[in-house]
Amino acid sequence: MADREDTLRENRAAKLARIRANGLDPYPARFHRSYDTATATSLFEELEQNDPAHEKLQNVTLAGRITSIRDMGKAAFLDLQDASGVIQALLRQNNLKDGFDLLKDLDIGDHLGVRGDLIRTRTGQVTIDAMELTVTAKVMRPLPEKRHGLKDVETRYRQRYLDLIANQDEVMPVFVLRSKVVRGIRRFLDDRGFLEVDTPILVPVAAGAHAKPFVTHHNALDQQLYLRIATELYLKRLIIGGFDKVYEIGRVFRNEGIDQDHNPEFTLLESYEAYADYNDVMEMVEQMVSTIAVDVNGSTEVRIGGQVIDFAPPWQRVSLREELQKHSGIDLESFDDDALRQKAGEMGIDTKVLESRGRLVDKLLSTFVEPHLIQPTFVLDYPEDMSPLAKAKPGAPGYVERFEAFAFGMEIANSYSELNDPKVQRERFEDQAEIQRLYENEDVDRQDEDFLTAMEYGMPPTGGLGIGIDRLVMLLAGQPSIRDVLLFPQMRIQQGGSAEENSEE
RNA sequence: GGCCCGCUAGCUCAAUGGCAGAGCAACUGACUCUUAAUCAGUAGGUUCUCGGUUCGACCCCGAGGCGGGUCACCA
């Protein structure tokens, strides 16, 4: 017994067979179009204005996907959608003669090429009056409904192409904006003399951040490798090698949870500039982000989740210690590790899992401070034990020259004056290992011997930066979920019919 | 991982524990300026899965799957 979807596909298969029987190729290798639909429309309107007597744009070919059919027997109106927009086509038996018979074998979703003259209908719509039709690709499955679009978020993410077809006006602009953001970052950095580089994704040590890596294996080397969690240590090797300004925009991978602002793989910008410090980087970040905001939105202001955020520089600068005291009443200097843990517990922080001071401070920060950081804000000067790659802040023992930038309560940038003393760097790695030993559930930065060797050859004073591109795009596109700025967000594999047992843990 | 919510026709959504429905899409027919085309008719269901309660389950209960939210984890 044929179920419904099968019937729909059988109908289309029958039409496909008829098209072939009529000697037409439903999947031709090529089709030339004179313009996309938007260009055709604007050209026509231009001609119309200049010479109202001859307002025809004649004998053009256009192409697109059929999104609507309004059939009136011996004439029909179709909507053809392409990336630039939609144009209406008028099919008339008078003009098409025998070619008109193709209409009964067309479905919503088919790709159709049309040769004809552009006209304006009685109702004033620019329309191609068809003289010849060419099926350029036949659809075999029904498209989502036009009136309500495709709503089911799971289908939208798993079959993004359907989302793009059905919700083109809402979805496409987000990804166009994303592309502009990346282009804008490249232009901004290139203009300042930065060199874009590519460093390894498959690495022997997953260092440069606190995160669980994905593990993989190289057969020929018979060696365990990891997918990188950051680009930091390789980029610093390049600064040591003599490049003054380098950056990489690349995918990094962290084997962690998935939520509104975390995807297992995400796009990270990291830049390193010799003879800069975190103050210089701060200025660069506000310039870069505000410039790009204007590039993509025409304004330094963006609207997201009912808030208006203004990226115009200068951004507010606050110290971590003062800001934490302001919002939680805790002065870090008045608490040793145990006292801080107790205090945090009293204030509702989950301290069941034994955690390092750095982790605790991080939790306090995200619980009490981050939600208040709606407008772009730099939070300065972090405790040393949560920043093993950052340089100590002179005159402030236990603190490093580090900032994070926040907006909409979300971290968007992380930067430090880079630690360049190889001996201190080694000690910091060892401290991390000790933290790992004491607090076994904790992810720490891993020691990279090759990097330490490089550091012993001397790295100039350097300002480093990391920006999560996906989160920046979320802000600039007004999208509160990272899944809506990723074309293909990570999803669990759908299980087939078989009850395959994949029990774990 | 905990908790909450969702899953019904291709799509968008209905349905007191009592025959599972509508709109769009599809199919047949009419219609040469429509645009949510219109008009007449037809067909289409593993109600996510498995089990239970019940005379009777889309609905109640249990287990599981997938998704969303939230907390935890995590930048």
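Numbered from 1 within each chain, the chains take letters A, B, ... in sequence-line order.
- Mapping A/S481 and A/H148 onto RNA chain B by nearest heavy atom places A/H148 at the nucleotide closer to the 5' end.
- Put simply, the residue from A/V361, A/D362, A/N414, A/L320 that forms a side chain to side chain contact (heavy atoms under 4.5 Å, CB included) with A/Y382 is A/L320.
- Evaluation of atom-type donor-acceptor distances gives a pair under 3.5 Å for the side chain of A/H262 against the base of B/C74.
- The local environment of CD in A/E434 is crowded, with over 12 non-hydrogen atoms from other residues, nucleotides or ligands closer than 6.0 Å.
- Distances from the side chain of A/K74 to the nucleotides B/C74, B/G69, B/C31 place B/C31 closest.
- Comparing A/Q125 and A/A75 by the nucleotide of RNA chain B that holds the closest heavy atom to each, the one mapping nearer the 5' end is A/A75.
- The only option from A/R483, A/R178, A/H262, A/Q479 that meets the side-chain hydrogen bond (donor to acceptor under 3.5 Å, both in side chains) definition with A/D470 turns out to be A/R178.
- Note: CG (A/D6) to C1' (B/A9) measures 13 Å, nearest angstrom.
- With B/A72, B/C11, B/G67 as the choices, the nucleotide that has an atom nearest any side-chain atom of A/E154 turns out to be B/G67.
- With rounding to whole Å, A/M410 atom CE is found 15 Å from B/C74 atom C1'.
- Base pairing of B/G6: its partner is B/C66, meeting the Watson-Crick or G-U wobble criterion (both donor-acceptor distances under 3.5 Å).
- Residues A/F403 and A/F378 bring their aromatic ring centres within 6.0 Å.
- The side chain of A/L8 approaches B/A26 more closely than any other nucleotide in the set B/U32, B/A26, B/U34.
- The CZ atom of A/R122 sits 15 Å away from the C1' atom of B/A37 (whole-angstrom rounding).
- Judged by distance alone with a 3.5 Å cut-off, a donor-acceptor contact links the side chain of A/E145 to the base of B/G23.
- Candidate nucleotides B/C33, B/A25, B/U34 were compared by shortest atom distance to the side chain of A/R92, and B/C33 ranks first.
- Comparing B/G68, B/U12, B/U32 against the side chain of A/V153 picks out B/G68 as the nearest.
- Side-chain proximity of A/S68 to B/A37, B/G68, B/A25: nearest is B/A37.
- The partner of B/C39, taking Watson-Crick or G-U wobble pairs whose two distances both stay under 3.5 Å, is B/G29.
- Of the candidates B/U32, B/G67, B/C27, B/G67 carries the atom nearest the A/R492 side chain, counting heavy atoms from C-beta on.
- In this structure, CG of A/D152 is placed 10 Å from P of B/G68, rounded to the nearest angstrom.
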